[in-house]
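The chain is numbered in sequence order, starting from 1.
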Amino acid sequence: MPTLNWIGKDKVVNHHKEVPYRMLERKYSYENGQKSSNNDSENMIIHGENLEALKSLLPKYEGKVKCIYIDPPYNTGEEGWIYNDNLNDPKIKKWFGQVVGKEGEDLSRHDKWLCMMYPRLKLLCRLLADNGIIFISIDDNEYSNLKLICDEIFGSRNFITTFIWEKRVNRENRKVVSSRHDYILCYARNVTEDQRPLKHISRIA
């Protein structure tokens with residue numbers, strides 16, 4: 001199976017194992033729209049660094065999550081959104097320095113994105129149940145790279161399909177070429193014949 005190599009891969013391929021376990025601390029709950037001390041709900045909104053948050057879920061949820069959807073940064077280079085999509089945030093720069101080292105200073109935008117995504121996808125894979133499935137939104141900037149690392153992490157045989165999602169808003173085509181769609185990659189943790197029809201349905205739709 002073809003694999004993708006990039007600067008810093010050797011430093012992040014097993015980094016998920018080095019991320020420390022952290023205890024989740026309950027702050028408050030909501031019940032009927034009001035804050036409460038504890039309503040025994042297992043629903044959670046976790047505030048914190050997502051790599052550490054994913055690792056903190058493993059003790060209780062490893063191999064138990066049936067459906068995951070993530071909408072990672074598309075790596076467009078845009079810095080004016082609600083989150084920085086140029087991987088220039090001071091926290092991520094500090095992480096590159098600690099994990100990748102001096103090589104991190106020479107990384108391209110795509111190298112950085114791959115270094116950031118790889119350990120997170122490894123932890124997400126561990127959270128999936130044997131009959132679990134994951135959906136990942138992406139656009140043209142990193143689609144091909146994401147597909148290759150997902151084939152490596154989840155296994156190419158577990159690839160279900162790529163959904164084409166037509167965007168509501170796009171640039172008009174009179175002066176520039178405009179992309180009207182994004183993608184949603186779909187992988188199973190352990191593909192079965194029960195999940196195969198999804199592939200045929202998506203191609204017909």
Using a 4.5 Å cut-off on heavy atoms from C-beta on, say whether the side chain of [Y] contacts that of [X].
{"X": "L124", "Y": "I70", "answer": "yes"}
{"X": "I136", "Y": "C150", "answer": "yes"}
{"X": "L148", "Y": "T3", "answer": "no"}
{"X": "L114", "Y": "L146", "answer": "no"}
{"X": "L185", "Y": "F135", "answer": "no"}
{"X": "Y21", "Y": "P59", "answer": "yes"}

Should L127 and L57 be marked as a side-chain contact (heavy atoms from CB on, under 4.5 Å) after you check the CA-CA gap, both sets of side-chain angles, and the distance that decides it? CA-CA 8 Å; L127 286 168; L57 292 173; 4.0 Å; yes
Strictly distance-based, threshold 3.5 Å: is any side-chain N or O of [X] a donor or acceptor partner for the main-chain N or O of [Y]?
{"X": "N158", "Y": "V191", "value": "yes"}
{"X": "K9", "Y": "L4", "value": "yes"}
{"X": "R109", "Y": "N75", "value": "yes"}

With rounding to the nearest 0.5 angstrom, report the [atom1] to [atom2] distance, [X] to [Y].
{"X": "L123", "Y": "L128", "atom1": "CG", "atom2": "CG", "result": "11.5 Å"}
{"X": "T162", "Y": "I138", "atom1": "OG1", "atom2": "CD1", "result": "11.5 Å"}
{"X": "K11", "Y": "E18", "atom1": "NZ", "atom2": "CD", "result": "11.0 Å"}

Can a salt bridge be assigned to the pair K64 and E62 using a cut-off of 4.0 Å between side-chain N and carboxylate O?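 So K64 does not pair with E62 through a salt bridge.
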Strictly below 4.0 Å, N to O, side chains only: are E152 and K147 in salt-bridge contact?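 No, E152 and K147 are not salt-bridged.
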Over all atoms of both residues, closest heavy-atom pair of C115 and W6: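 Smallest interatomic distance, heavy atoms only, reads SG-NE1, 3.4 Å.
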Is there a side-chain contact (heavy atoms from CB on, under 4.5 Å) between Y187 and C125 once you walk through the steps? CA-CA 10 Å; Y187 282 81; C125 185; over 6 Å; no
How far apart are the C-alpha atoms of L51 and H15, what are their side-chain angles, what is the distance that settles it, and do they pass the side-chain contact (heavy atoms from CB on, under 4.5 Å) test? CA-CA 10 Å; L51 193 59; H15 178 64; 3.8 Å; yes
Will you find, in the side chains of R189 and N131, an N or O donor that is under 3.5 Å from an N or O acceptor?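 On atom types as modelled, these side chains do not qualify, holding no pair under 3.5 Å.
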Testing the 3.5 Å rule here: is there a donor-acceptor pair between the side chains of Y74 and D140?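 Note: Y74 and D140 side chains miss the donor-acceptor criterion.
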Can you run down the salt bridge (Lys or Arg N to Asp or Glu O under 4.0 Å) pairs that involve residues 48-59, sequence neighbours left out, and say none if there aren't any?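 The answer is R22-E52, E49-R120.
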ring-ring contact (aromatic ring centres under 6.0 Å, His included) partners of Y143, counting only residues at least two apart: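 Testing Y143 for ring-ring contact (aromatic ring centres under 6.0 Å, His included), a comparison that skips the adjacent residues, returns Y183.
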Y30: side chain to side chain contact (heavy atoms under 4.5 Å, CB included) partners, not counting sequence neighbours: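 Here the qualifying residues are Y28, K35.
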May I have the step-by-step check of side-chain contact (heavy atoms from CB on, under 4.5 Å) for R126 and H16, ending in yes or no? CA-CA 10 Å; R126 288 179 61 181; H16 63 287; 4.1 Å; yes
For ring-ring contact (aromatic ring centres under 6.0 Å, His included), just list the numbers for W113 and Y118, CA-CA rounded to whole Å, side-chain angles, deciding distance to a tenth of an Å, and then say yes or no. CA-CA 9 Å; W113 189 86; Y118 198 94; over 10 Å; no
